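One structure below.
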Number of protein chains: 2
Amino acid sequence: MGTAAGVGPTASRTTARTAPRRTAPTLRQVAAAAGVSRATASRVINGGHLVSDHAKQAVEAAIAELGFTPNPVARNLATRRTGSVALVVPEPNARLLSDPFFGSVINGLSLSLEAADLQMILVIARPGPGHDRAVRYLTTGQVDGAVITSHHREDLLNARLVEAGLPCVFVGRPLDVEDSHCVDMDNVGGARLATEYLIEHGRRRIGTVAGPADMTAGVDRLLGWRQALEGAGLPTDAVVHGDFTAAGGAEATRRLLAEHPDLDAIFVASDLMASTALTEVAALGRRVPDDVAVFGFDDLGLATTTTPPLSTVIHPVEAMAVRAGQMLVEMLSGIEHAAEPVVFPARLALRDSA
Amino acid sequence: MGTAAGVGPTASRTTARTAPRRTAPTLRQVAAAAGVSRATASRVINGGHLVSDHAKQAVEAAIAELGFTPNPVARNLATRRTGSVALVVPEPNARLLSDPFFGSVINGLSLSLEAADLQMILVIARPGPGHDRAVRYLTTGQVDGAVITSHHREDLLNARLVEAGLPCVFVGRPLDVEDSHCVDMDNVGGARLATEYLIEHGRRRIGTVAGPADMTAGVDRLLGWRQALEGAGLPTDAVVHGDFTAAGGAEATRRLLAEHPDLDAIFVASDLMASTALTEVAALGRRVPDDVAVFGFDDLGLATTTTPPLSTVIHPVEAMAVRAGQMLVEMLSGIEHAAEPVVFPARLALRDSA
DNA sequence: TTGTACGCGTTATCAC
DNA sequence: GTGATAACGCGTACAA
């Protein structure tokens with residue numbers, strides 16, 4: 001398109017002529033039917049204060065009779081608010097949606113948004129052309145704010161949204177935006193706790209299948225593992241990075257055990273990877289936890305279905321999402337929020353694998 | 001609320017005063033800067049036809065300088081279109097999102113919507129208070145249309161949306177709305193194909209773990225199974241209903257095998273249920289496929305990860321979603337569509353379990 | 001080709 | 001309490 005960026009001719013937005021959708025009644029008609037002015041009718045709709053009972057009755061009757069429903073779009077224009085917020089999920093590969101993480105985020109966020117009578121809509125921001133459209137959609141007043149599940153640093157989505165002035169709250173600390181409102185868990189502490197547990201139970205040669213180096217969850221959990229080992233004077237050389245997927249976890253585990261056959265424990269940065277790590281360990285003829293202990297991270301449902309069930313670090317995603325929603329609601333209502341991360345403490349869920 | 005249904009005072013929609021969001025430049029300012037009228041400026045933005053090159057240049061320069069972006073909300077009000085469509089997923093229990101089915105629907109739909117420069121937004125319609133808000137959101141002009149993943153009959157969501165005149169396309173035939181635009185697969189044929197395959201390969205005592213009786217996928221797949229057996233003069237008494245979940249599949253399989261210990265094959269109405277059915281069969285000391293053949297349905301990725309890999313019926317969800325998106329786009333552009341189901345043919349994916 | 005003027009449906013600010 | 005009337009920002013007949 002030859003015009004300035006993002007202004008386009010709305011390309012293929014075809015001329016509308018959908019099914020015979022009879023036009024909805026307007027406020028004007030309600031006012032007329034009730035024998036009052038639009039202003040008065042508007043008042044009874046928005047709270048009903050400062051109106052006589054008489055007028056109120058009349059307007060309500062008219063509303064009921066005509067089946068009037070306020071046009072939200074017009075209201076959006078007038079109020080500059082939409083009553084809806086987006087849950088943004090940057091998603092390179094679609095399968096990420098099947099991660100129980102998102103289910104928990106959705107659940108938690110729904111809770112706090114519903115309490116504030118806000119509509120949650122989910123926006124998937126893929127790289128590519130769809131990315132720009134999503135950004136435009138989010139930054140031009142179609143939503144009041146956004147909760148963003150933070151991910152890789154490469155996509156500039158995060159920065160673009162906050163710079164556009166959109167009220168944003170991140171679930172999980174973003175790597176690329178500094179003073180952001182975010183709610184996270186203590187990933188470092190969780191990893192350290194898990195690793196210390198392994199040490200306390202006699203493990204001396206502890207490796208890790210870490211997460212990606214471009215995600216804070218990846219680097220933080222790796223850091224916690226290292227801290228615990230250094231604190232105990234144990235070596236920290238057995239590190240392989242996975243990509244938080246099942247297949248990636250299997251592959252990383254194979255490499256880790258090939259390079260360090262002497263490991264007696266593995267801290268895996270996510271349960272999904274840990275689940276396949278269990279399989280790989282077993283495939284090598286090593287028993288879990290007798291020969292090799294495996295410690296996971298997340299406890300989002302998967303950990304109890306593996307054999308053996310995974311000892312893991314609890315990732316309180318749903319509670320975090322609830323909190324994120326509350327933060328956003330407060331920001332939307334004008335409460336100034338220090339842009340300081342809210343950090344949920346880490347706890348362990350001990351089962352059979354370690 | 002005392003007023004008419006759905007008109008409410010928008011309860012807690014708190015007064016806005018978010019971060020210092022400097023007001024965006026308006027079309028009026030662009031026009032002024034370019035020395036033309038708003039109408040001319042508007043023309044160059046919307047296609048640029050019928051404007052002199054001179055004016056066009058000036059307006060584009062002004063747009064670039066001011067960093068103007070059209071306000072979509074105002075545009076929505078004026079055009080009665082939003083340029084966005086909803087993917088509606090009625091979701092009683094949140095874990096449904098982890099079903100690979102949704103990932104495929106999202107992928108496919110994104111494809112065809114992106115081609116039409118439409119923004120896809122995902123709306124989750126839980127039962128309860130959120131349900132009504134979602135319906136209001138969808139039926140009051142905030143989206144141009146909807147693609148709905150059809151599910152249980154109990155929620156009247158489907159009917160409410162089409163009756164409100166919202167252009168709707170269903171992925172999967174809905175049970176409760178008659179002349180709907182929908183794209184489905186040949187569930188009956190697929191189930192019949194699978195069962196016939198079992199028969200042709202010597203199985204004579206074939207049971208089924210069926211889907212819920214209130215979902216078309218459930219009843220259709222059961223019907224196909226029955227048709228094949230009746231065609232071959234075999235008994236159709238070994239039926240147990242599952243709920244399309246892993247746990248439900250396991251439980252149903254246990255019941256089925258308890259009631260009919262003589263089965264030499266099971267047709268399971270979904271791979272998710274089939275995956276746990278495999279486990280249950282194995283737990284009973286029966287070998288798959290030697291003692292009991294297991295045939296699944298879906299082939300959405302899970303089937304290749306089980307042991308043994310599942311023979312299954314291919315559910316071409318992504319292609320179906322692409323088609324659904326295209327149908328909706330056509331409806332939105334005024335092309336009259338016969339409300340006749342588009343049905344994708346069924347094919348088998350043969351692996352080791354049968 | 002361009003500009004005028006009105007419409008989209010509400011909210012909000014005033015006087016009364 | 002109530003009612004004009006001006007925003008809100010943009011599209012678009014219609015006339016020029």
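Within every chain, numbering begins at 1; the chains are lettered A, B, ... in the order of the sequence lines, protein sequences first and strands thereafter. No hydrogens, no waters, no symmetry mates; every other heavy atom, side chains included, goes into these values. None of the values given here were measured: they were computed from a predicted structure.
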> With sequence neighbours left out, what residues match B:Ala339 under side chain to side chain contact (heavy atoms under 4.5 Å, CB included)?
Replying inline: B:Asp179, B:His181
> Just by distance, with hydrogens left out, do A:Arg126 and B:Asn107 show a side-chain donor and acceptor under 3.5 Å apart?
Replying inline: yes
To the nearest 0.5 angstrom, please state how far the [atom1] atom of [X] sits from the [atom2] atom of [Y].
X	Y	atom1	atom2	value
A:Leu161	A:Ser180	CG	OG	12.0 Å
B:Glu318	B:Leu109	CD	CG	10.5 Å
B:Tyr137	A:Ile121	OH	CD1	4.0 Å

> When the distance from CG of A:Asp53 to C1' of D:dT2 is rounded to whole Å, what number comes out?
Replying inline: 15 Å
>> Measure CG/A:Leu50 against P/D:dT2 and give the value in whole Å, please.
In response: 9 Å
> 5'-most contact on DNA chain D: B:Leu77 or A:Ser37, nearest heavy atom basis?
Replying inline: A:Ser37
> With a non-hydrogen cut-off below 4.0 angstrom, is B:Val73 in contact with a base, only sugar-phosphate, or nothing?
Replying inline: nothing
>> Salt bridge or not between B:Arg160 and B:Asp132? Use side-chain N to carboxylate O under 4.0 Å.
In response: yes
>> So for the helix from C:dT1-D:dA16 to C:dC16-D:dG1, with five pairs setting each end axis, what is the inter-axis angle to 10°?
In response: 40°
>> Need two values: the first and the last nucleotide of DNA chain C, 5' to 3', having an atom under 4.0 Å from any heavy-atom of chain B.
In response: C:dT1 to C:dG9
> Which pair of non-hydrogen atoms, one from B:Leu66 and one from B:Val30, has the smallest distance, and what is that distance?
Replying inline: CD2-N, 4.1 Å
>> If you compare all heavy atoms of A:Cys182 against all heavy atoms of A:Met327, which two are closest, and at what distance to 0.1 Å?
In response: N-CE, 4.2 Å
>> Once side chain to side chain donor-acceptor pair (under 3.5 Å) is applied, do any residues pair with B:Ser84, and if so which ones, sequence neighbours excluded?
In response: B:Thr82
>> Run the salt bridge (charged side-chain N to carboxylate O under 4.0 Å, His left out) test against A:Arg43 and tell me which residues pass, sequence neighbours left out.
In response: none
> How does protein reach along nucleotides 11-16 of chain D, written 5' to 3' as B (base within reach of a heavy atom under 4.0 Å), S (only sugar-phosphate), or - (no contact)?
Replying inline: BBB---
